[in-house]
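Below: the structure, in structure tokens.
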2 protein chains.
Amino acid sequence: MKIGELAKRSGCSIQTIRYYEKEGLISAPERTEGNFRLYNSVVLEKLSFIKNCRALDLTLSEIKHLVSLQNSPETPCEAVNEMIDTHLLAVESRIEDLQKLHGNLKQLRLKCGNARSVDQCGILGELLPKPERSPSGTRNERSPSGTRK
Amino acid sequence: MKIGELAKRSGCSIQTIRYYEKEGLISAPERTEGNFRLYNSVVLEKLSFIKNCRALDLTLSEIKHLVSLQNSPETPCEAVNEMIDTHLLAVESRIEDLQKLHGNLKQLRLKCGNARSVDQCGILGELLPKPERSPSGTRNERSPSGTRK
DNA sequence: GTAAACTCTGTAGTAACTATAGAGTCAAGA
DNA sequence: TCTTGACTCTATAGTTACTACAGAGTTTAC
Ligand SMILES: [Zn+2]
Ligand SMILES: [Zn+2]
Ligand SMILES: [Zn+2]
Ligand SMILES: [Zn+2]
């Protein structure tokens, strides 16, 4: 099986397969005389494993870690559980962030009806820095919520 | 005000400020004789606007678009509303994806108690490709759910 | 024999920064 | 005045997980 067929059968692109090889997620296969990669069906399972992990948003480095664990089958699997737990926490916190963001966007959207001109746009107005409205006692330390991923 | 002070006052890092300048989000300021950037307080407002937008996860290119809209204040602000609406949809869909992911991870986590060895780990077992269990009628087209951002 | 289809390596691009390296500028103290 | 330290400059590389070439070589079919 050459790389093109493997790509079709695995659902990974040719470049992705070569990339995984370069990153050490799958081992370098034999080559034909003409230097073409030659795969057997075992690599299909490895790619499937990787795809399953990627579908859970595990990073390649985490997957690499899991692969290396599989190569020492007698060690305890605690590390696996921890990785999933850590991941769960990250996903949960990301969801919370996005929900806050969603609320902010919803609220912002309400600030403007249609058909105004840009300088009267309620949304743009809201995004501008708050004018220092009160002459006595400045308190302006609020930084807008928001997170990245 | 030199760039260091601007960084402190705006909450953006020095490199970020220079990056925004390179990307055309803020205009290039005057320079001192020694070639140091010299800012006035107007740029503080621009940076604040950008930060507010970034907190809503608007991309730099979207922000650039908003900035350019601000420079033609008489055009209708429809485009602003559309941008926010599009954004809302993207955030909502991302949240849904993550909630699915979260469910999958939770379920996966249940597959393994502690203190097993790697080759008996329920989690790793679950991540491996499903063995073609039934001898009659192969049906294995299920691709695992999951999304990226 | 030749054209099409395939594969190879290596490089650059993506988003929004961050982190250097190596050089120049400026203010204050000895 | 010299020097030290803090600051700034540009340019470049790194981050993540790929994708998309360019330019070359290989294989297959007609
Ligand atoms: Zn993780
Ligand atoms: Zn509007
Ligand atoms: Zn957007
Ligand atoms: Zn386990």
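Order of the sequence lines fixes the chain letters, A, B, ..., with proteins taken first and strands second; residue numbering starts at 1 for each chain.
- Per the geometry, CG belonging to B:Leu6 stands 10 Å off P belonging to D:dT8, to the nearest Å.
- Nearest approach of A:Arg94 to B:Leu98, heavy atoms of both residues: CG-CD1, 3.4 Å.
- When all heavy atoms of B:Leu38 and B:Pro29 are compared, the pair lying nearest together is O-CB, 3.4 Å.
- Judged by distance alone, with hydrogens and angles left aside, the side-chain atoms of A:Thr16 form no donor-acceptor pair with the main-chain N or O of A:Cys12 at under 3.5 Å.
- Put simply, the side chain of B:Arg109 gets close to the backbone of B:Cys112: a donor and an acceptor are under 3.5 Å apart.
- In this entry the distance linking NZ of A:Lys64 with C1' of D:dT16 reads 14 Å, nearest Å.
- In this entry the distance linking CG of B:Asp57 with P of C:dC17 reads 10 Å, nearest Å.
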Got a list of protein N/O to nucleotides 19-21 of chain D N/O distances below 3.5 Å?
from, atom 1, to, atom 2, distance (Å)
D:dT19, OP2, A:Ser13, OG, 3.1
D:dT19, OP2, A:Thr16, OG1, 2.7

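- In this structure, A:Ile26 atom CD1 and D:dC18 atom P are separated by 12 Å, rounded to whole Å.
- A donor-acceptor contact under 3.5 angstrom links the side chains of B:Glu62 and B:Thr59, judged on distance only.
- For the pair B:Lys22 NZ and D:dA11 C1', the computed distance is 10 Å after rounding to whole Å.
- Residues A:Cys121 and B:Asn81 come closest through the heavy atom pair SG-OD1, 4.4 Å.
- Within the 4.5 Å cutoff, the side chain of A:Gln99 has no heavy atoms near those of the B:Val91 side chain.
- B:Asn52 places none of its side-chain heavy atoms less than 4.5 Å from the side chain of B:Leu56.
- Counting heavy atoms from C-beta on, the side chains of A:Leu108 and A:Leu127 come closer than 4.5 Å.
- Here the C1' atom of nucleotide D:dA17 and the CZ atom of A:Arg54 are 6 Å apart, to the nearest Å.
- In this structure, A:Lys8 atom NZ and C:dA5 atom C1' are separated by 10 Å, rounded to whole Å.
- Between the P atom of C:dT9 and the CD1 atom of A:Ile14 lies a distance of 12 Å, rounded to the nearest Å.
- Within a heavy-atom distance below 4.0 Å of DNA chain D, the residues of residues 28-43 of chain B found are B:Arg31, B:Asn35, B:Phe36, B:Arg37.
- OP1 or OP2 of C:dC17 sits under 4.0 Å from a side-chain N or O of B:Tyr20.
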